[in-house]
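Below: the structure, in structure tokens.
Here is the naming used below: chain letters follow the sequence lines, and residue numbers restart at 1 for every chain.
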2 protein chains.
Amino acid sequence: MVTKQLRGTAEDADLSRADSLAREIFTDIANKWAFLIIEALGDGTLRFGALRNEIQGISHKMLTQNLRMLERNGLVERDVHPTVPPRVEYTLTEPGRALRAAVSGMCGWTQRYLDHIEAARNRFDAV
Amino acid sequence: MVTKQLRGTAEDADLSRADSLAREIFTDIANKWAFLIIEALGDGTLRFGALRNEIQGISHKMLTQNLRMLERNGLVERDVHPTVPPRVEYTLTEPGRALRAAVSGMCGWTQRYLDHIEAARNRFDAV
DNA sequence: CGGTATCCCATGCGATACTG
DNA sequence: CAGTATCGCATGGGATACCG
């Protein structure tokens with residue numbers, strides 16, 4: 001369970017080590033930009049600039065920041081070709097591709113329920 | 001595609017209406033607390049306080065805020081029993097349960113790759 | 001019990017500018 | 001081309017207190 005701690009003793013109110021790590025990973029990865037990057041990379045390899053074009057609206061800063069984070073967690077591989085100008089390519093690793101299944105699920109879900117959600121919003125906001 | 005806009009004309013640099021709505025939904029839902037709430041609700045029904053207990057570390061404020069957001073998007077149903085003290089129950093709707101599949105996938109993924117990720121982090125941070 | 005409001009610090013994120 | 005650094009506003013999010 002990610003939602004609650006595994007209590008050891010009654011006074012152990014903290015998360016277990018595994019759970020606190022899981023929570024950290026969730027905090028890192030459960031964010032809009034990370035998902036969009038994973039979805040954009042897909043099975044292929046993209047350069048920094050290509051990613052920036054692919055993901056409409058992402059800023060230079062957010063892209064580097066999230067790529068660094070994904071690299072740190074071992075979800076993307078970063079290949080630097082030491083040429084001038086530099087050429088840096090990003091690819092999903094095996095864990096990254098595994099997560100991509102869930103991310104694609106979310107994307108598909110969004111498409112499927114788009115109208116449904118819009119209707120729910122209108123109903124809610126009407127009050 | 002959620003990652004890029006569907007260009008109509010050359011000068012249409014904005015997202016299409018459907019894509020901008022999809023992006024909005026992503027922004028709402030791709031967040032740690034929303035996922036933890038969805039996972040905690042599961043197939044059942046939980047009261048506000050029970051949810052708070054289930055999701056270790058969530059504050060009163062974040063719980064209400066995210067529940068309101070999920071209700072607005074039609075992912076959770078909110079049943080108010082007008083008694084004293086009040087009794088408010090939350091349940092996933094059909095779209096909510098559909099999204100839960102992807103969320104559970106993410107949770108499973110986290111468990112499966114926990115060690116792998118920790119190792120990747122240590123390697124990255126060692127530099 | 002559950003919701004709302006307020007205060008205040010931490011973080012997200014865009015804009016801009018500089019480097020190799 | 002890609003990365004880093006800095007600034008500054010906007011939002012996230014905890015703590016506390018008060019209302020039905």
Output the rounded distance in Å from CG (B:Leu51) to P (C:dG3).
10 Å
Suppose we screen for side chain to side chain donor-acceptor pair (under 3.5 Å). Which residues come up paired with B:Thr45, at least two apart in sequence or across chains?
B:Thr91
Who passes salt bridge (Lys or Arg N to Asp or Glu O under 4.0 Å) against A:Arg87, sequence neighbours left out?
A:Glu89
Please give me every residue in residues 68-77 of chain B whose heavy atoms get under 4.0 Å of an atom in DNA chain D, ordered by residue number.
none
Applying ring-ring contact (aromatic ring centres under 6.0 Å, His included), name anything that partners B:Trp109, two or more places apart in sequence or on another chain.
B:Tyr113
I need the single residue from A:Thr93, A:Leu92, A:Ile38 that forms a side-chain contact (heavy atoms from CB on, under 4.5 Å) with A:Val76. Which is it?
A:Leu92
From A:Arg100 CZ over to A:Leu75 CG, what is the distance, rounded to the nearest 0.5 angstrom?
13.5 Å
For a quick test of reading the model: is some side-chain N or O of B:Tyr90 closer than 4.0 Å to OP1 or OP2 of C:dC1?
no
Chain B contact limits on DNA chain D, taken 5' to 3' with a cut-off of 4.0 angstrom to heavy atoms
D:dG13 to D:dG20
Measuring from atom CG of B:Leu41 to atom CD of B:Glu54, what distance do you get when rounded to the nearest 0.5 angstrom?
9.0 Å
What nitrogen or oxygen pairs link the protein and nucleotides 5-9 of chain C at under 3.5 Å?
none

Could you tell me the separation between the CG atom of B:Asn31 and the C1' atom of C:dG12, rounded to a whole number of Å?
13 Å
Give the residues of residues 79-89 of chain A touching DNA chain C, defined as any heavy atom closer than 4.0 Å, sorted by residue number.
A:Pro86
Mind checking side chain to side chain donor-acceptor pair (under 3.5 Å) for A:Glu71 and listing every partner two or more places apart, or none if nothing turns up?
none
Quick one: label A:Arg78 by what it contacts on the DNA or RNA (base, sugar-phosphate, nothing), any heavy atom closer than 4.0 Å.
sugar-phosphate
Rounded to whole Å, how long is the line connecting atom CZ of B:Phe48 with atom C1' of C:dC1?
9 Å
Quick one: OG1 on B:Thr27 to CG on A:Asn31, what's the gap to the nearest 0.5 Å?
10.0 Å
Under the side chain to side chain donor-acceptor pair (under 3.5 Å) rule, collect the residues that match up with B:Ser104, sequence neighbours excluded.
B:Glu39
Look only at the side chain of B:Arg23 and the backbone of A:Gly57, and say whether a donor-acceptor pair between them is shorter than 3.5 Å.
no
For the student: nearest non-hydrogen atoms of A:Gln111 and B:Ala22, plus distance:
NE2-CB, 4.4 Å
Name the stems that DNA chain C belongs to, where each is three or more consecutive Watson-Crick or G-U pairs with both distances under 3.5 Å?
C:2-20 with D:1-19
Can you sort out the partners of B:Asn73 under side chain to side chain donor-acceptor pair (under 3.5 Å), two or more places apart, ordered by chain and number?
A:Arg121, B:Asp28
With sequence neighbours left out, what residues match A:Arg52 under salt bridge (Lys or Arg N to Asp or Glu O under 4.0 Å)?
none
Rounding to an integer number of Å, can you tell me how far A:Lys32 NZ sits from C:dG12 P?
13 Å
Rounded to the nearest Å, what distance is computed from the CZ atom of residue B:Arg47 to the C1' atom of nucleotide C:dG2?
9 Å
Rounded to the nearest angstrom, tell me the gap between atom CD1 in A:Ile58 and atom P in C:dA15.
13 Å
What distance do B:Thr110 atom OG1 and A:Ile25 atom CD1 have between them, rounded to the nearest 0.5 Å?
6.0 Å
Length of the CD-P vector between A:Gln65 and C:dC13, whole Å:
8 Å
If the plane angle is over 60° it's perpendicular, under 30° parallel, otherwise tilted; pick one for B:Phe26 and A:Phe35.
perpendicular
What is the distance, rounded to the nearest whole Å, between atom CG of A:Leu67 and atom C1' of C:dC13?
15 Å
Short N-O contact, B:Asp125 and A:Arg72, less than 4.0 angstrom:
yes
Under 4.0 Å, heavy atoms only, any strand: does B:Thr64 hit a base, just the sugar-phosphate, or nothing?
base
